[in-house]
Amino acid sequence: DLPTQSPLYHAEHASRYDRQQLIEAYQNEFECRLVVVIDAIFPYGINYFEELVYDADPQQDLHILLSPPGGDGETAVRLVRSAQSRCRELTVIIPDQAKSAATLLALGGDHLLMGPTSDLGPVDPQFQMANGSLAAAKDIIAAVEAAERAVSERPDTYPLHAALLSDVTDLMVQQARLALGRTEDLMREALKCGAGKNAAALKQLMTKLRPSLIDAKAHGAIFGVQEAEQAGLPVSRVASSDRQWQIIWRL
């Protein structure tokens, strides 16, 4: 049948209609509800997520295709709690990178679907800078401390360092330090939602995940499917040739 939209409108929005068809095909084939999250995780996203799951069947499985650059950990825990309250089992799909707050959301799933390109990472918080980019709390603190040391040794370099850190305020540094102090609590809260519901399993997972996801020095450190399996996370490994993985990558 011809589309109900005008030819020009349909052509301009063709990719959106293709995505809707792919989502419908995925839901029918894998008997679930699918939500696609490709955006930074910040409080404004709560409303959009609730819009997508407000009428979800709590007896149906929910799949979240997750590919954000990171964001706010507190929001990630709120999102995964909402998701878990609206489904029988929650599967989080990681086709590409799901760092920082996105990793926290993933840890709250009952199942993790991962393949060769999947990558989680340290759960240290991120802040949105004035230009819209994201900066890790550890990097903000390290940059300020390095500048303080440099200026104490060479006071004449103050204008240079002040210019380089012009987007960083004292309040942001204090918030970064406080947020880092919440990292372990947030990871524990996320795990409680999914694989860590059992107290013994939670303690074991926290011990295994800490070196890679909390104590890691580099925010971009890789934590792929092999590392996730070794840590004891509920991972389902998918091959690149698998039909499910191919639909996910088309989305």
Salt bridge (charged side-chain N to carboxylate O under 4.0 Å, His left out) contacts touching residues 35-48 (sequence neighbours left out): none
Side chain to side chain contact (heavy atoms under 4.5 Å, CB included) against Q174, all qualifying residues, sequence neighbours excluded: L178
Inter- and intrachain pairs under salt bridge (charged side-chain N to carboxylate O under 4.0 Å, His left out), touching residues 58-67, at least two apart: D61-R88
Pairing of D119 and K99 as salt bridge, 4.0 angstrom limit: yes
Residues which pass salt bridge (charged side-chain N to carboxylate O under 4.0 Å, His left out) with E12, listed by chain and number, not counting sequence neighbours: none
Where at least one partner belongs to residues 156-173, residue pairs that pass side chain to side chain donor-acceptor pair (under 3.5 Å), sequence neighbours excluded: R154-D156
Ionic contact status for R33 with E89, cut-off 4.0 Å: no
Selection residues 71-112 - residue pairs positive for ring-ring contact (aromatic ring centres under 6.0 Å, His included), sequence neighbours left out: none
E227-S212 side chain donor-acceptor pair, cut-off 3.5 Å: no
Pairs satisfying ring-ring contact (aromatic ring centres under 6.0 Å, His included), at least one member in residues 47-96, at least two apart: Y26-H63
For D185, salt bridge (charged side-chain N to carboxylate O under 4.0 Å, His left out) partners two or more places apart: R182, R188
Side-chain heavy-atom pair D242, S240 within 4.5 angstrom cut-off: no
Salt bridge (charged side-chain N to carboxylate O under 4.0 Å, His left out) pairs, two or more places apart, involving residues 16-30: E29-R243
Which residues share a salt bridge (charged side-chain N to carboxylate O under 4.0 Å, His left out) with R78, sequence neighbours left out: none
Sequence-distant partners of T75, side chain to side chain donor-acceptor pair (under 3.5 Å), two or more places apart: D72
S236: side chain to side chain contact (heavy atoms under 4.5 Å, CB included) partners, not counting sequence neighbours: L113
